[in-house]
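A short worksheet on the structure shown next.
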2 protein chains.
Amino acid sequence: MPSAPRTRRKEDARARILEEARRIVLENGFEALTMRRIAEAAGYSAAALYLHFENRDAIARELGESGMQGLLAALTEAAAAEDPVERLRALALAYVGFARIEPETYRLIFMEPGFAASALGGKDEAGAAAFQLLAGAFEALGNAGRLRPGQDLGGLALTFWILLHGTVSLKLTCSAFLSPPEEDLLATALDSLLNGILAPEPTGLNLPER
Amino acid sequence: MPSAPRTRRKEDARARILEEARRIVLENGFEALTMRRIAEAAGYSAAALYLHFENRDAIARELGESGMQGLLAALTEAAAAEDPVERLRALALAYVGFARIEPETYRLIFMEPGFAASALGGKDEAGAAAFQLLAGAFEALGNAGRLRPGQDLGGLALTFWILLHGTVSLKLTCSAFLSPPEEDLLATALDSLLNGILAPEPTGLNLPER
DNA sequence: GAGTGCTCCTGAACAGCGTTCATTGAATAT
DNA sequence: ATATTCAATGAACGCTGTTCAGGAGCACTC
């Protein structure tokens with residue numbers, strides 16, 4: 001049975017390793033995340049990392065999970081907007097903004113093979129909560145009567161996410177081919193989507209067209 | 001100046017190397033594409049590969065370029081549909097279908113850092129031609145008067161591509177979280193998009209609603 | 001206080017990775 | 001028949017993730 005100060009030191013070591021790992025990913029990209037590099041930065045030998053983590057993937061997974069919590073925090077802040085349409089735009093901006101500030105984290109979470117499968121499909125609550133924020137905006141949209149009838153709310157939320165992720169990931173890998181900034185790309189796409197799903201606004205006038 | 005049979009044998013070797021490399025990616029994934037594995041499969045030593053290719057990235061790039069030509073071929077076939085809306089749906093199905101058959105190739109082209117940047121931004125004509133097929137469908141849509149006025153054709157094509165790539169790449173990395181097949185995901189998203197950008201159809205009847 | 005565990009950590013090692021280089025062997029050119 | 005060119009190799013270097021025997025140092029017990 002380990003004593004209190006012992007476990008505390010061990011937890012400190014764990015935290016320091018993760019901290020250095022996060023810094024390396026942020027500064028030098030995900031592929032620079034090397035066991036020996038992490039160890040040196042944290043003041044350990046490479047073998048010591050295996051006393052605190054199962055392997056490199058476990059470290060990466062932990063980074064991804066805390067990254068997902070960061071995304072969730074950004075989306076939560078944006079979801080405070082009351083007007084549902086405004087909320088959607090705020091969510092979109094927050095999503096894109098997160099990916100812009102931490103592109104390597106976004107890549108780790110959503111574009112690295114193997115991670116998202118286990119994180120989102122598994123017990124990761126942050127991911128599910130983040131998606132619920134998106135879905136909630138559409139629910140609010142429906143409750144406010146702003147949606148055309150007969151639309152699947154879950155499908156709309158998925159479409160929204162597809163739009164967000166498509167914009168971000170395409171910009172991330174094909175930035176040379178995509179000249180407009182991601183905010184503009186997404187604004188255009190979102191306009192078309194909203195135009196297709198929102199009920200025609202009551203203008204107060206009677207049928208101005210047709 | 002090398003003799004004719006010499007250059008022929010050398011070209012054969014190059015082709016055989018690429019062939020084996022492609023097989024390895026298809027069967028065992030992109031990360032299994034190892035110089036030593038390719039060499040063994042092609043009957044060479046690892047060092048011999050460097051007589052035919054600059055490095056591993058050059059082999060991957062070549063695979064990506066021929067993969068892009070495959071995608072272009074699939075899209076070209078789909079673009080034969082005359083009705084612009086049908087063409088859009090056919091293009092979407094062809095895009096998703098390509099990614100389903102060759103997910104590792106798709107990942108190599110559009111999700112691997114470094115490749116798409118050089119391929120699409122550089123002199124790769126297949127990529128540009130593929131995008132032109134998407135843009136052409138919207139041009140046809142505009143020429144047929146099926147689009148609501150005041151919409152940027154290039155922006156619509158980009159939105160369409162974002163939708164396609166978002167669907168495919170999300171399904172590729174988060175398949176555990178996304179239960180519906182990519183065709184359904186895309187159909188929902190495409191319906192919303194079309195609903196937003198298409199001009200209201202003249203039904204022959206007069207204002208059936210409102 | 002001496003001895004005994006237990007925990008944390010290290011250096012060395014293994015297999016595999018991409019890549020380079022001196023050397024060989026065979027086919028071509030003279 | 002000799003000289004030249006060129007494809008191909010084996011060994012090596014530095015890197016990667018990971019494992020393991022061994023060694024310190026702390027916390028207990030007697």
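All of these numbers come straight from a predicted model, not from anything done at the bench. Naming: A, B, ... by sequence-line order, numbering from 1 per chain. Hydrogens, waters and symmetry mates are skipped; everything else that's a heavy atom, side chains included, is used.
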Legend entry - Interatomic distance, A:L33 CG vs D:dC15 C1' [rounded to whole Å]: 15 Å
Inset, instruction - Take atom CZ of B:R56 and atom P of C:dT20, then tell me their distance rounded to the nearest Å. - result: 14 Å
Legend entry - Separation of atom CD1 in B:I24 from atom P in C:dC17, rounded to whole Å: 11 Å
Inset, instruction - Whole angstrom is fine here: how far is it from CG in B:L49 over to P in C:dC17? - result: 12 Å
Inset, instruction - Using atom types as modelled and distance alone, determine if a side-chain donor or acceptor of A:T173 lies under 3.5 Å from a backbone N or O of B:F110. - result: yes
Legend entry - Among C:dT19, D:dT18, C:dC9, the nucleotide that comes nearest once only the side chain of A:Y44 is considered: C:dC9
Inset, instruction - Of all the heavy-atom pairs spanning A:N28 and A:A32, show the shortest one and how long it is. - result: O-CB, 3.4 Å
Inset, instruction - Taking only the side-chain nitrogens and oxygens of B:S45, find out if one of them lies under 4.0 Å from OP1 or OP2 of D:dA8. - result: no
Inset, instruction - Could you state the atom-to-atom distance from CG of B:N55 to P of C:dC17 in whole Å? - result: 16 Å
Inset, instruction - Please determine if a side-chain N or O atom of A:R37 lies less than 4.0 Å away from the OP1 or OP2 oxygen of D:dC15. - result: no
Inset, instruction - Select base, sugar-phosphate, or nothing to describe what A:I38 touches, counting heavy atoms under 4.0 Å on all strands. - result: nothing
Inset, instruction - State whether A:D83 and A:R146 are salt-bridged, where the test is any N-O pair (Lys NZ or Arg NE/NH1/NH2 against Asp/Glu carboxylate O) under 4.0 Å. - result: yes
Inset, instruction - Can you figure out which of C:dT19, C:dT10, C:dC17 approaches the side chain of A:A47 most closely? - result: C:dT10
Legend entry - Minimal non-hydrogen separation, A:T105 against A:E102, with atom names: OG1-OE1, 2.7 Å
Legend entry - Spacing of A:M35 atom CE relative to C:dC9 atom P, expressed in whole Å: 14 Å
Inset, instruction - Mind calculating the distance between CD (A:E40) and P (C:dG11) to the nearest angstrom? - result: 12 Å
Inset, instruction - Mind checking A:Y50 for me? I need base, sugar-phosphate or nothing, with any heavy atom below 4.0 Å counting as a touch. - result: base
Inset, instruction - Determine: side-chain N/O of B:H52 to OP1/OP2 of D:dA7, distance under 4.0 Å, yes or no. - result: no
Inset, instruction - On DNA chain C, check which nucleotide each of A:L51 and A:R36 is closest to and give me the residue with the more 5' one. - result: A:L51
Inset, instruction - Please say whether more than 12 non-hydrogen atoms of neighbouring residues, nucleotides or ligands are located less than 6.0 Å from CD in A:E54. - result: no
Legend entry - Distance in angstrom units between A:F53 CZ and D:dT19 P, rounded: 16 Å
